[in-house]
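See below for the structure under consideration.
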Amino acid sequence: MRKSSLVGLSVAVFFGMTAPTLAAGDAEAGKAAFTAKCGICHQVGPNAQTLVGPELNGIVGRKAAAVEGFAYSPGMKKLGDEGYVWTEEHIDSWIADPKALLPTSVMALAFQGIPDADERANIIAYLKTQQ
């Protein structure tokens, strides 16, 4: 009995120490970064419209390919059909390197990604304020 408890504790410690964690992020800094790096293709806010990319109000927690009327790539549609949800972690991975998730998507072809983890955390913090 004691042995299984130690195994469970070891697994919990291992995963707790190796699971990626996101920085808290600064929404104000994220607004500036979003405007500079994302705003050419995406909008947020009360009057947000679809541009080259879909509007991103409520993106955190939303299913992929869910903006009505937007012409998503086949790969993004497939993700949505499979129930892929834009969690903070998924958004972080996507804006870090869109080619890693969908190499032939428009975003992957036009956007190189944001390598700085703090900047991505700031953008995500800002997006969380846009419901």
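Starting from 1, each residue takes its place in the sequence as its number. Because the structure is a prediction, the values reported are computed rather than measured. Because only heavy atoms are used, hydrogens play no part in the values below, and waters and symmetry mates are left out as well, while side chains stay in.
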[atom1] of [X] to [atom2] of [Y]: how many Å apart, nearest 0.5 Å?
X: Gln112; Y: Asp97; atom1: CD; atom2: CG; value: 9.0 Å
X: Lys31; Y: Tyr126; atom1: NZ; atom2: OH; value: 5.5 Å
X: Leu127; Y: Leu56; atom1: CG; atom2: CG; value: 6.0 Å
X: Asp92; Y: Arg120; atom1: CG; atom2: CZ; value: 4.0 Å
X: Glu89; Y: Ile91; atom1: CD; atom2: CD1; value: 9.0 Å
X: Tyr72; Y: Asp81; atom1: OH; atom2: CG; value: 12.0 Å

Exercise answer: donor-acceptor pairs, residues 44-55 side-chain atoms, under 3.5 Å, sequence neighbours excluded:
unit_1: Glu55; atom_1: OE1; unit_2: Asn57; atom_2: N; d: 2.8

Indicate the atoms forming the closest heavy-atom contact of [X] with [Y], along with that distance.
X: Ala108; Y: Pro103; result: CB-O, 3.7 Å
X: Ala27; Y: Thr129; result: CB-CG2, 4.0 Å
X: Ala125; Y: Gly25; result: CB-C, 3.8 Å
X: Gly113; Y: Pro98; result: CA-CD, 4.0 Å
X: Ile123; Y: Ala33; result: CG1-CB, 3.7 Å

Q.
Pair Arg62, Val67 - check side chain to side chain contact (heavy atoms under 4.5 Å, CB included), show working.
A. CA-CA 9 Å; Arg62 184 171 76 198; Val67 173; 3.5 Å; yes
Q.
Donor-acceptor check, side chain of Tyr84 to backbone of Ala65, threshold 3.5 angstrom: yes or no?
A. no
Q) Going by heavy atoms in the side chains, are Val60 and Gln130 under 4.5 Å from each other? A) no
Q: Kindly indicate whether the side chain of Trp94, heavy atoms from C-beta on, has any atom under 4.5 Å from the side chain of Ser105.
A: yes
Q: Could you walk me through whether Met107 and Met76 pass side chain to side chain contact (heavy atoms under 4.5 Å, CB included), step by step?
A: CA-CA 10 Å; Met107 187 161 157; Met76 189 61 72; over 6 Å; no
Q | same_hphob_cluster(Phe70, Leu109) at 4.5 Å side-chain heavy-atom cutoff | A | no
